[in-house]
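This structure is a prediction, so every number in the text was calculated from the model and none was measured.
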Amino acid sequence: MKYLLGLVLLFSPFINANQQPINGFGNYYNVPEHDKINDATVFKIAFDVADGAKKGKQNNAINSLARFINMHVAHGVKPENIQLALVVHGSASVDVLANSEYKKRFNADNKNQALIEQLLANNTQVYVCGQSATHFKVTPELLIDGVNMSLSAMTAHAQLQQQGYTLNPF
């Protein structure tokens, strides 16, 4: 049986996210022999994304949240024990524009909208820095539904820390 599992992993090491909570995003590698994750573990993690995607492309840093969710659920963590926050600032501020506005500005679809909508549906809070947003002429009514405007990215991170979130260093 172990030999068969090894063959399967050898020929398909990259797990398809279509079988996970975040569909179509968040591919990860299966690690069959890893340190066990305690069943009581609750992940409260903030991710910081400052670099925007190339126009009309997906922001791979935002995709990291989908990978985190899919990978941990597949390895036994209860979805309700995964509480993520995404803090977007800098040139990434336009990556949280609703598709209609994004298309007006860049003549391309926002490849991040479906990903962000699924993150929001999977216990993730999304904040955009109000300072960066103002610089890039992004107003609250132009955002993907569910994305919140914070006074600043610094403010969002400070408040998340006070709520027990740790900062993911990746």
Side-chain angles (χ1 to χ4, degrees), residues 17 20-29 31 34-54 57-99 101-102 105 110-170:
Q20 300 300 312
I22 309 290
N23 293 318
F25 305 98
N27 292 335
Y28 61 91
Y29 290 100
V31 180
H34 61 83
D35 289 342
K36 180 158 175 40
I37 300 169
N38 184 308
D39 291 340
T41 298
V42 175
F43 292 101
K44 289 183 80 171
I45 303 171
F47 288 71
D48 184 87
V49 176
D51 294 329
K54 292 184 180 185
K57 301 290 183 186
Q58 176 188 317
N59 189 318
N60 287 328
I62 296 173
N63 189 50
S64 293
L65 284 84
R67 183 171 49 256
F68 188 94
I69 292 169
N70 287 344
M71 167 177 56
H72 284 87
V73 169
H75 287 88
V77 176
K78 297 174 189 157
E80 60 270 18
N81 287 356
I82 302 172
Q83 301 169 27
L84 303 184
L86 169 62
V87 179
V88 177
H89 58 103
S91 61
S93 299
V94 297
D95 291 343
V96 295
L97 283 169
N99 192 57
E101 179 63 22
Y102 190 95
R105 290 187 189 197
N110 186 350
K111 302 288 186 195
N112 300 292
Q113 183 158 338
L115 170 57
I116 290 169
E117 289 171 344
Q118 286 191 64
L119 289 170
L120 288 164
N122 281 277
N123 209 21
T124 300
Q125 299 175 58
V126 181
Y127 299 94
V128 64
C129 169
Q131 302 302 301
S132 296
T134 300
H135 176 77
F136 288 99
K137 298 179 179 25
V138 173
T139 57
E141 63 276 0
L142 300 177
L143 297 171
I144 295 167
D145 285 340
V147 174
N148 299 298
M149 178 84 64
S150 181
L151 175 61
S152 70
M154 296 179 287
T155 305
H157 279 298
Q159 291 179 308
L160 288 164
Q161 280 184 318
Q162 291 172 10
Q163 296 169 30
Y165 283 77
T166 59
L167 180 62
N168 187 311
F170 298 102

**Q** Answer yes or no: are there more than 12 heavy-atom neighbours, outside His135 itself, under 6.0 Å from its atom NE2?
**A**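 Not more than 12 within 6.0 Å, no.
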**Q** Identify the two heavy atoms, one from His34 and one from Val31, that lie closest to each other, and give their separation to 0.1 Å.
**A**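 Answer, listing the atom of His34 first, then Val31: CD2-O, 2.8 Å.
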**Q** Within the 3.5 Å criterion, strictly below it, is a donor on Asp95 or Asn59 matched to an acceptor on the partner's side chain?
**A**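 There is such a pair (donor and acceptor under 3.5 Å, judged by atom type) between the side chains of Asp95 and Asn59.
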**Q** Test side chain to side chain contact (heavy atoms under 4.5 Å, CB included) on Asp145 and Val147 and set out the steps.
**A** CA-CA 6 Å; Asp145 285 340; Val147 174; over 6 Å; no
**Q** Check whether more than 12 heavy atoms from other residues, nucleotides or ligands sit under 6.0 Å from atom CG of Asn38, and answer yes or no.
**A**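 Count over threshold, so yes.
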**Q** Which heavy-atom pair separates Ser93 from Val138 by the least distance, and what is that distance?
**A**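 Closest approach of Ser93 to Val138: O-CG2, 4.2 Å.
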**Q** Using side-chain heavy atoms (C-beta onward) and a distance below 4.5 Å, is Ile144 in contact with Asn110?
**A**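 Touching, per the 4.5 Å side-chain cut-off.
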**Q** Less than 4.5 Å apart, side chain to side chain, heavy atoms only: is that true for Thr41 and Val77?
**A**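 No; the side chains remain at least 4.5 Å from each other.
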**Q** How long is the straight-line distance from CD of Gln159 back to OG of Ser150, given to the nearest 0.5 Å?
**A**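 Interatomic distance, Ser150 OG to Gln159 CD, rounded to 0.5 Å: 6.0 Å.
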**Q** Is there side-chain contact between Leu65 and Thr124, with heavy atoms separated by less than 4.5 Å?
**A**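 The answer is yes; the side chains approach within 4.5 Å.
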**Q** Rounded to the nearest 0.5 Å, how far does CD1 of Ile116 lie from CG of Asn63?
**A**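 Answer for the CG-CD1 pair, Asn63 versus Ile116, is 11.0 Å.
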**Q** To the nearest 0.5 Å, what is the distance between NZ (Lys111) and CG (Asn99)?
**A**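 Atom-to-atom, Lys111:NZ and Asn99:CG are 9.0 Å apart.
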**Q** Taking the side chain as everything from C-beta on, heavy atoms only, tell me whether Ser152 gets closer than 4.5 Å to Thr155.
**A**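 Answer yes - side chains close enough.
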**Q** Of the non-hydrogen atoms in Ser91 and Gly52, which two are nearest, and what is the gap between them?
**A**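 What the structure gives for the nearest pair is OG-N, 2.8 Å.
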**Q** I'd like to know if the side chain of Asn168 and the backbone of Ile45 have a donor-acceptor N/O pair within less than 3.5 Å.
**A**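 Absent.
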**Q** Side chains of Tyr28 and Gln20, heavy atoms from C-beta outward: is any pair under 4.5 Å?
**A**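 Yes, side chains in contact.
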**Q** Roughly how far, to the nearest 0.5 Å, is the CD atom of Gln113 from the CG atom of Leu143?
**A**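 So the CG of Leu143 and the CD of Gln113 are separated by 10.5 Å.
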**Q** Assess whether side chain to side chain contact (heavy atoms under 4.5 Å, CB included) is satisfied between Phe47 and Val126, documenting all intermediate values.
**A** CA-CA 10 Å; Phe47 288 71; Val126 181; over 6 Å; no
**Q** Evaluate the side-chain proximity of Leu119 to Leu84: yes if any heavy-atom separation is below 4.5 Å, no if none is.
**A**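 A side-chain contact under 4.5 Å is absent here.
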**Q** Any chance the side chains of His89 and Asp48 put a donor and an acceptor closer than 3.5 Å?
**A**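 There is such a pair between these side chains.
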**Q** For a quick test of reading the model, state the closest non-hydrogen atom pair linking Gly90 to Phe136 and the distance between them.
**A**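 Closest heavy-atom pair between Gly90 and Phe136: O-CE1, 3.2 Å.
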**Q** My understanding is that only residues two or more places apart in sequence, or in another chain, count here; which of them pass salt bridge (Lys or Arg N to Asp or Glu O under 4.0 Å) with Lys54?
**A**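 Checked Lys54 against salt bridge (Lys or Arg N to Asp or Glu O under 4.0 Å); zero matches.
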**Q** Hey, which of Ile22, Ile82, Val73 is the one that makes side chain to side chain contact (heavy atoms under 4.5 Å, CB included) with Asn122?
**A**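 The option that passes is Ile22.
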**Q** Atom OH of Tyr29 and atom CZ of Arg67: how far apart are they, to the nearest 0.5 Å?
**A**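 The distance works out to 10.0 Å.
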**Q** Does the Asn70 side chain pair with the main chain of Phe25, one donor and one acceptor, at a distance under 3.5 Å?
**A**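 Flag set: sc Asn70 to bb Phe25 pair under 3.5 Å.
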**Q** For side chain to side chain contact (heavy atoms under 4.5 Å, CB included), just list the numbers for Leu151 and Gln131, CA-CA rounded to whole Å, side-chain angles, deciding distance to a tenth of an Å, and then say yes or no.
**A** CA-CA 7 Å; Leu151 175 61; Gln131 302 302 301; 3.9 Å; yes
**Q** Of all the heavy-atom pairs spanning Met149 and Ala133, show the shortest one and how long it is.
**A**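 Closest pair (atom of Met149, atom of Ala133, distance): SD-CB, 3.6 Å.
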**Q** Take Ile62 and Leu115 through the side chain to side chain contact (heavy atoms under 4.5 Å, CB included) test and state the conclusion after the steps.
**A** CA-CA 8 Å; Ile62 296 173; Leu115 170 57; 3.6 Å; yes
**Q** For Asn148, does the CG atom have more than 12 heavy-atom neighbours from other residues, nucleotides or ligands under 6.0 Å away?
**A**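 Yes - once you tally the heavy atoms of other residues, nucleotides and ligands closer than 6.0 Å, there are more than 12.
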**Q** Determine the minimum heavy-atom distance between Glu80 and Asn123, stating which atoms define it.
**A**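 Smallest heavy-atom distance, with atoms named: O-ND2, 4.0 Å.
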**Q** Can you tell if the side chain of Tyr165 reaches within under 4.5 Å of the side chain of Gln83, non-hydrogen atoms only?
**A**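 Yes, side chains in contact.
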**Q** Check whether any side-chain heavy atom of Arg105 sits under 4.5 Å from a side-chain heavy atom of Leu97, and report yes or no.
**A**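 Sidechains of Leu97 and Arg105: in contact.
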